[in-house]
**Q** 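One structure, pasted below without further comment.
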Amino acid sequence: MTRRIALRLAGVALALALAAAAPARAQSTMYQPVRVDLTAYVGYASADATSWGFGAALEAKYHATDHLAAGLRFEGAGFITQDVTVGTGADTSVEQGARASSAFLAKADWYFGTSTTRPFVGLGLGYYRIGAGSQSIGGGGTVVQTAAAFRGFGFCPQVGVNFGAFRLAATYHVVGGGDMTVVTQAEGAPATEVKLAKNWFAFEIGGTIGGRRL
């Protein structure tokens with residue numbers, strides 16, 4: 001149900017953006033109407049257990065005006081979470097296995113100026129899925145509860161620059177819902193809750209096919 005609602009909201013947002021800009025497209029002659037942005041990125045997520053990862057994104061968009069491009073964004077990434085020491089006076093460490101994340105978003109970019117090199121701001125809205133990964137614990141502790149996989153709605157503000165067919169961007173993914181946690185208990189110590197990173201920052205680098213200045 002959550003996935004259906006998220007996808008519907010993303011579709012409505014995209015339809016509204018295109019419908020509002022359709023009349024202006026007839027007067028837009030400086031850029032090719034269709035563009036595809038392909039990027040790879042390094043991701044960083046901060047929580048009790050910090051995560052690092054790599055991902056890739058594909059954006060297919062339509063130039064509704066010379067400044068507005070709207071369409072869809074698909075992406076996937078993998079993250080490795082650092083080990084965390086828990087417990088009072090106990091040498092107990094929790095290791096979180098690799099986690100995968102994916103997203104399906106409606107996306108719109110606003111470009112400043114009409115030159116070949118243009119800064120832009122963007123916003124994506126849609127559905128996210130984050131895998132739970134596996135946990136292991138050392139030092140005499142036991143895992144009481146593991147983190148479940150997460151699925152839900154989120155958004156990603158973005159800033160960047162297009163240098164013709166070359167693209168740089170910084171994106172922050174904000175995923176709604178509760179925290180992803182692992183609850184552990186070291187021998188002779190109270191239970192400890194470790195929060196796993198769910199939101200993440202990404203530095204993207206890639207290229208653009210189409211959408212060029214005529």
Side-chain angles (χ1 to χ4, degrees), residues 1-14 36-61 70-84 93-109 120-137 143 145-160 167-184 193-207:
M1 182 64 68
T2 302
R3 179 179 181 180
R4 291 180 181 177
I5 294 173
L7 293 178
R8 286 176 182 176
L9 288 174
V12 169
L14 175 60
V36 177
D37 296 317
L38 298 168
T39 58
Y41 65 77
V42 176
Y44 169 78
S46 178
D48 292 342
T50 299
S51 299
W52 294 89
F54 298 92
L58 182 151
E59 297 182 9
K61 289 170 289 189
L72 299 173
R73 175 183 171 103
F74 308 89
E75 71 174 282
F79 288 88
I80 298 294
T81 302
Q82 69 177 13
D83 297 355
V84 179
S93 62
V94 178
E95 179 181 345
Q96 170 71 28
R99 293 184 296 156
S101 68
S102 58
F104 176 82
L105 312 168
K107 177 86 184 314
D109 294 339
F120 68 90
V121 294
L123 180 65
L125 299 167
Y127 175 80
Y128 285 81
R129 180 176 179 176
I130 303 175
S134 59
Q135 294 82 27
S136 62
I137 191 166
V143 175
Q145 177 184 345
T146 61
F150 177 87
R151 301 174 184 176
F153 184 76
F155 65 95
C156 61
Q158 183 181 66
V159 295
R167 181 179 178 91
L168 291 175
T171 308
Y172 186 65
H173 295 270
V174 182
V175 185
D179 294 322
M180 297 184 70
T181 61
V182 175
V183 179
T184 68
E193 183 179 88
V194 178
K195 291 183 180 180
L196 304 177
K198 189 172 65 173
N199 303 338
W200 76 92
F201 173 83
F203 176 74
E204 302 183 20
I205 182 171

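Counting from 1, the numbers follow the sequence of the chain as shown. As a basis for the values below, the full set of heavy atoms in this structure was taken, side chains included, without hydrogen atoms, waters or symmetry mates.
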**Q** Name the one of D37, L72, V36 that satisfies side chain to side chain contact (heavy atoms under 4.5 Å, CB included) with K61?
**A** D37
**Q** Out of curiosity, E59 CD to L38 CG, how far, rounded to the nearest 0.5 Å?
**A** 9.5 Å
**Q** When you compare the side chain of L105 with that of E75, does any pair of heavy atoms fall below 4.5 Å?
**A** yes
**Q** Heavy atoms, side chains only, cut-off 4.5 Å: are V42 and F54 in contact?
**A** yes
**Q** Do K198 side-chain atoms and G176 backbone N/O form a donor-acceptor pair below 3.5 Å?
**A** yes
**Q** Look up atom CD in Q158 and atom OH in Y172, then write down how far apart they are to the nearest 0.5 Å.
**A** 15.0 Å
**Q** Might you point out which heavy atoms bring H173 and C156 nearest each other, and give the distance in Å?
**A** ND1-CB, 3.6 Å
**Q** Is the shortest heavy-atom distance from the side chain of W200 to the side chain of T171 under 4.5 Å?
**A** no
**Q** Roughly how far, to the nearest 0.5 Å, is CZ of F155 from CG of L123?
**A** 7.5 Å
**Q** Taking all non-hydrogen atoms of both residues, which atom of N199 and which atom of V175 are closest, and how far apart?
**A** OD1-N, 2.9 Å
**Q** What pair of heavy atoms forms the shortest contact from G122 to D109, and how long is it?
**A** CA-OD1, 3.4 Å
**Q** Find the distance between CZ (R167) and OG1 (T39) and round it off to the nearest 0.5 Å.
**A** 7.0 Å
**Q** For the atom pair CZ (F74) and CZ (F104), what is the distance rounded to the nearest 0.5 Å?
**A** 4.5 Å
**Q** Provide the closest heavy-atom pair for A202 versus Y41 in the form atom of the first, atom of the second, distance.
**A** CB-CD1, 3.5 Å
**Q** Calculate, to the nearest 0.5 Å, the distance between atoms CH2 and CZ belonging to W52 and F79 respectively.
**A** 10.5 Å
**Q** On a heavy-atom basis, which atom in G126 and which in F153 lie closest, and how many Å separate them?
**A** O-CD1, 3.2 Å
